[in-house]
Amino acid sequence: MSETYEHVAPARYRISGKGRVNDLAPVRFTFDGREIVAAAGDTVASALLAHGIHLVGRSFKYHRPRGVVTAGSEEPNALIRVTHSAKGGEGRTEPNTRATMQEAVEGLKVESQNRWPSLSFDALSLNDRLSRVLGAGFYYKTFKWPRSFWDKVYEPAIRAAAGLGRAPTEDDPDHYSSRYAFCDILVVGAGPAGLAAAMAAAGDGRRVILADESGEPGGSLLAMPAATIDGKPAWVWLAETLETLAAAGVTILLRTTAIAYDHENMVGLVERVTDHLATAPADLPRERFWRVRAGRVVLAQGAIEKPLVFDGNDRPGVMLAGAAQTYLNRYGVAVGRHVAVATSHDSAWHTAFALTDAGVTVAMIADTRAQVAPALTAAAAERGIAVMLSTVPVATQGTKRIKGVWLAERTGDTVAEAGYHACDALLMSGGWTPAVSLFSHTKGKLAWDAATGRFLPDTSPEACHTAGAGAGVWGLADALASGAEAGAAAAGTTAPSFTVTGDDAGTGAPEGALPSDRPARKAFVDFQNDVTAKDIRLAVTEGMRSIEHIKRYTTTGMATDQGKLSNINGLMIAAEALGKTPPEVGLTTFRPPYTPTTFAALAGPRRGATFEVTRKTVIDPWAEAAGAVFEPVALWRRARYFPKGVETMDEAVARECRTTRKTAGIFDASTLGKIEVVGPDAAEFLNRMYTNPMLKLGVGKCRYALMLGDDGFIRDDGVIARVAEDRFHVTTTTGGAPRVLATMEDYLQTEWPDLKVWLTSTTEEWATIAINGPKAREILKPFIKDADISAEAFPHMSMLECSFAGVPCRLFRVSFTGELGFEVNVGAAEGRKVWELIVGAGEKVGACVYGTETMHVLRAEKGYIIVGQETDGTVTPQDAGLSWALGKTKADFVGMRALKRPDMAKADRKQLVGLFTEDPGTVLEEGAQIVEGPDEPLPMTMLGHVTSSYMSATLGRSIAMAVVSGGHARMGETLYVPMDDGVIAATVTSTVFFDPEGARLNG
Amino acid sequence: MILIHCPYCDETLPEAEFTYAGEAHVVRPDPSVSDETWRDFLYIRSNPKGPHAERWRHAHGCGRYFNAIRDTVSDRVLTTYKAGESKPVLPGDVK
Ligand SMILES: [Zn+2]
């Protein structure tokens, strides 16, 4: 807000002395480069209207000129692109912002959308001339052939021509926050009903939250300054009520839209925290997403005015009467100087009176009804306003701004000859639709009120109450009373009562499309998606019966405003065309969010570096300092390889592999999942969970362990070491640890609760360092003084507890490389120190450190599977060549029974094999499909796919593993891998490419 | 986000603390059963419209598995009970 208080000449349509804005506090922004001087409290829409600017955008499909229609979040037309210049550039740009919701901010750059080259001259408005052929279903009918043209020709062209705003090209630099709140009563909407509800509910320590999407609470009261409540002018009452509520501890959230009503009274609120500020403190989020769990909810969201449906009802200057009243009384803006009113509801009459009283000429009030209350006609006569009953608008004149309207007397569905009436604004009202979206989110039932043509909230499974215009109540006194009643019911209190004067209560008659003396091709139902009454009738003619089909065929109600203005009109027209009642045709489902919501608000802090946690081992900082290249594995970040100098990945991995096989390699295996399984029945439990026999595993021995699901498919694998009679150290795959523990808990708690076993996740308790290679023992030996780790005393698949340079250690003799291997497990706190000791000793004998890529290559050379790479949830132990891991004499284990089903033994199952490409230099692509013949006609028979593929430095050629239908019987066969640039031939081999006898393990 | 009462913690807590674990009262048969029985145990579920007995785990709390009756129409948990307890009779159940 500006600090200078110079007096600025009021904009031409600003009415001095009206409204709640402060024109002594000017706010400057630009609209398509033109400076606009707004008053503090203006929205972009009210400021533009104050300058007589109605044309603010072009329509989505026909590029028709469009103006501001509403004064709220339901606005379909006035969508703008805003750049918060004072806060930064392109990244703080937002398309499709509703000008009626964006408050005027100093330095804001506002641009109109969907126009080229300019707003006043738009080349694509040619579409408007073509509207005869661009009707409902046009895209479906026209662009369906040839199919290939859709992606490359039609869709890009359509999207370029018919789009809304342009997305920003830079990252959003703002941050967004997320907050949970709990309250006894949440009141949505701070109009008269919501305020009365909050008053009734507040007190006695009850936690009450009152949320309103506007920058100012009050709702319709802001447009009703002439009313009095309890003897006080409405605005005085409002100010006092807000003070009372604040004093009673009510939390009032402004600029906060309830976007979703979820189960058990959880309501999502989006609070726009800084968009109304020219500059904002860096620690404030731009938006805050509240998840409010409320004991009870009072929905007091008010009602949305319906447009009348007639030819030319989308002309800039044609707007809803209620909006005009808000612009007059809240913002001090006359939307025209010579105004016409067309209505089917009493409320527009009061708007006409308010405008007249403010000095605006209202040429006439045309009402579709044959009769209105005598008080209205008398009040019009008093003000010299011409009244035309049984009269409908049939057309408008003007391009970028309305110049006049043709009005015709109606008799039922026919009209007499129309007469022309000049005007610079046409205010319409087709009555009011209760805002039932949030109520519908609760799966609440709606009841159709035929007399007024409205769906009203009926019953809801949630603890919610509806009040005010949103519940179908009309008029200030009744809205206050219904709000107070709802608040009292929610809080268990007694409803306060109110005395009201100057109430604008009234009624109306529902209308569908108005009768006309002309084809009425431009009688719009959905302004944002450019859907006309004719389109809806056409959809019915072409066979659409369900409202859901009509919606999709015409796209009515599918724009970002979700049909807030159009749904009921569209339904009335469809019902009439189908010869059914509206409830028979049905209403489309309301879905969250209630208003367009930024993805950032939903994501909150969960983006970029804080999108998810990154788990790091205690050795990770060492790897980072050593120049490791990392890769994500589950939530872990793991060192993938350690390049030396200018080495590429392939060069580094080849060196790491060769060094490990020739000398030794050192690997951080700390991410392996670890579960401590303890208790008198621990062995029995593991014997049932894993395929392998575990009962006779000796203390100090390890065993490879395979876990299946009860469907017989491989789920996980690892190594189990028996630390003591009643204590096992179980390892899992890096990604599988939480899942394995949950599975173990499941069986332990629900299948075998009699077993005395305790499970503890110890993944992060241990640092695990693997040493592999011919010199592994030489590296390790100097640190182990209290145990004999010779080949004889400590053979392959042994474990012992010892001291590693004074650090308590569980030492495993295991290998995932096929080399002599050890895994040193020490407490995580000592991991870094032990790692550095081992690496130091390793360097002396020429060993290297290696990462996950080398680990992958070395294990593939040995045909060791990785669960999740070789397996995909449909691979059995037999398929994977792991039949040897099945305990043949066990009475039961998880998955055992399923393996006996005939399907699990079929010869054509996909089985794990090795592949040697014909050209040893060719590395197959992982995931590539495998076929039998290179010249098979399309579609080829897919035999399987490549699961792992590497260049093996050890073998001097490429190796691959694959699952292939009947693969175990195909040894020596040549199969083919068709790729974009040719077919690759490969021979089926064993999966064990290196040291098939396993001699090196026993070094 | 629905609310679920953990019968072990005796607290009603948001769904985010729990993980779903499939239909309840599906008994794991003895391995001696027929292929068809084992198939049904693995894959055949009741999928009712209305009250559904199902298992949940208080994964971010006590870690216990328990049973719940949830109405699949209203997506509301009608009651919860400990693992091993028999399915409670609800008002409206056919006896
Ligand atoms: Zn619990």
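Only the side chain of A:Tyr747 comes within contact range of chain B, with heavy atoms under 4.5 Å apart. Using a 4.5 Å cut-off between heavy atoms, A:Ala891 contacts chain B through its backbone alone, with no side-chain atom that close. At a 4.5 Å heavy-atom cutoff, B:Thr37 makes no contact with chain A through either its backbone or its side chain. Residue contact with chain B, scored on non-hydrogen atoms closer than 4.5 Å, involves the side chain of A:Arg293 exclusively. When heavy atoms are compared at a cutoff of 4.5 Å, B:Pro14 approaches chain A by way of both its backbone and its side chain. If you measure heavy-atom distances from B:Arg55 to chain A, the contacts under 4.5 Å come from the side chain alone. At a 4.5 Å heavy-atom cutoff, the contact between B:Leu42 and chain A is made by side-chain atoms alone. Only the side chain of B:Arg57 comes within contact range of chain A, judged by heavy atoms closer than 4.5 Å.
Counting heavy-atom pairs closer than 4.5 Å to chain B, the top residue among A:Glu745, A:Met266, A:Lys900 is A:Glu745.
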Subject >> Chi angles and distances behind the side chain to side chain contact (heavy atoms under 4.5 Å, CB included) call for B:His58, B:Cys9 >> reply: CA-CA 9 Å; B:His58 193 189; B:Cys9 297; 3.4 Å; yes
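The aromatic rings of B:Phe18 and B:Phe66 lie perpendicular to each other, with more than 60° between the two planes, well past the 30° mark. By the 30° and 60° cut-offs, the orientation of the rings of B:Tyr20 relative to B:Trp56 is perpendicular.
Classification of A:Asp184 and A:Arg207 as a salt-bridged pair holds, one side-chain N sitting under 4.0 Å from a carboxylate O. Between A:Asp710 and A:Arg897 no salt bridge is recorded (no basic side-chain N to carboxylate O distance below 4.0 Å).
A cation-pi geometry, defined here as NZ or CZ lying under 6.0 Å from the six-membered ring centre and within 45° of its normal, does not hold between A:Arg688 and A:Phe893.
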